[in-house]
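Remarks on the structure that follows.
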Amino acid sequence: MSKAVTIAEAFCHTLFHIIFEILMRMLGEQCVFPLPEPQDLFQASHMKFEDFQKDLRKLKKDLKACEVEAEKVYQVSSKEHMQPFKENMEQFIIQAKIDQEAEENSLAETHKCFLETVAYFFMKPKLGEKEVSPNVFFSIWHEFSSDFKDFWKKENKLILQERVKEAEEVCRQKKGKSLYKIKPRHDSGIKAKISMKT
């Protein structure tokens, strides 16, 4: 166990320094945690595509019911009382259908990207499951991101301490070498001339 921890720590330490150097070159002194926040990954691990699909189907069904109810209102209303209700409802239903379709497309695209990402990392579904679940995938990344963030904070602190020491050393060296030289004063007044004559 300790050897595995040591290897993992060494890997994270090396990975940290590589990422840190790249970020320092790209961003200058501003160094931002390069991975998704562990809390975001934890929340993503509780997501289920089936739940979103179910919610979208329910919204579609509710929208259809709303459309049917609006039609009933149109039929029983007199023409003089129908506007602006009919116009507003028609606009609402048209926009709701557009939004519904956009959400379905977005969910399908997100699911496709998720499956491509899972395939990229060579993850296989558990026996009896047709695909890797977000819970399995993001739980692993949550653990890695949490551990890496701990190392990130420690390494940032060490690097900051090293920079403070370097700055203190530069200050000590500059204090040792005076930035200006004090020259002895040359008397040039009347007193100097009189003392030179005597």
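Keep in mind that this is a model prediction, so the values were computed, not measured. Hydrogens, waters and symmetry mates play no part in the numbers below; they use all other heavy atoms, side chains included.
- Evaluation of the side chain to side chain donor-acceptor pair (under 3.5 Å) test over residues 33-42, restricted to residues two or more places apart or in two chains, returns E37-K149.
- Heavy-atom minimum distance, A96 versus L63: CB-CD1, 3.6 Å.
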Exercise for the section: Begin with the C-alpha distance, continue with both residues' side-chain angles, and end with the deciding distance and a verdict on side-chain contact (heavy atoms from CB on, under 4.5 Å) for W141 and F121. Expected result: CA-CA 11 Å; W141 280 103; F121 287 104; 3.6 Å; yes
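- The backbone N or O of H142 sits less than 3.5 Å from a side-chain atom of S146, completing a donor-acceptor pair.
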Residues 45-59 side chain polar contacts: donor-acceptor under 3.5 Å, at least two apart:
from : atom 1 : to  : atom 2 : distance (Å)
S45  : OG     : F42 : O      : 2.5
H46  : ND1    : F42 : O      : 2.9
K58  : NZ     : D62 : OD2    : 3.0

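- Residues satisfying the side chain to side chain contact (heavy atoms under 4.5 Å, CB included) criterion with I98, sequence neighbours excluded, are I94, Q95.
- Remark: T117 engages no residue in a side chain to side chain donor-acceptor pair (under 3.5 Å) (not counting sequence neighbours).
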Scan the side chains in residues 64-78 for donor-acceptor partners under 3.5 Å anywhere in the protein, sequence neighbours excluded, and list what turns up.
from : atom 1 : to  : atom 2 : distance (Å)
E67  : OE1    : K97 : NZ     : 3.3
E67  : OE2    : K97 : NZ     : 3.1
E69  : OE2    : K72 : NZ     : 3.4
S77  : OG     : V73 : O      : 2.7
S78  : OG     : H81 : ND1    : 2.8

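- The CG atom of L41 lies 7.0 Å from the CZ atom of F138; values are rounded to the nearest 0.5 Å.
- Distance check, rounded to the nearest 0.5 Å: CG of D147 to CZ of F151 gives 7.0 Å.
- A distance of 8.5 Å separates NZ in K86 from NZ in K79, rounded to the nearest 0.5 Å.
- Within 6.0 Å of atom CZ in F92, 12 or fewer heavy atoms from other residues, nucleotides or ligands are found, so the atom counts as exposed in its surroundings.
- W152 contributes atom CH2, which lies 8.5 Å from atom CG of L35 (distance to the nearest 0.5 angstrom).
- Heavy atoms from other residues, nucleotides or ligands lying under 6.0 Å from CD of E90 number more than 12.
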Name the atoms and distances for all side-chain donor-acceptor pairs under 3.5 Å in residues 108-116, with sequence neighbours left out.
from : atom 1 : to   : atom 2 : distance (Å)
T110 : OG1    : S106 : O      : 2.8
H111 : NE2    : E131 : OE2    : 2.8

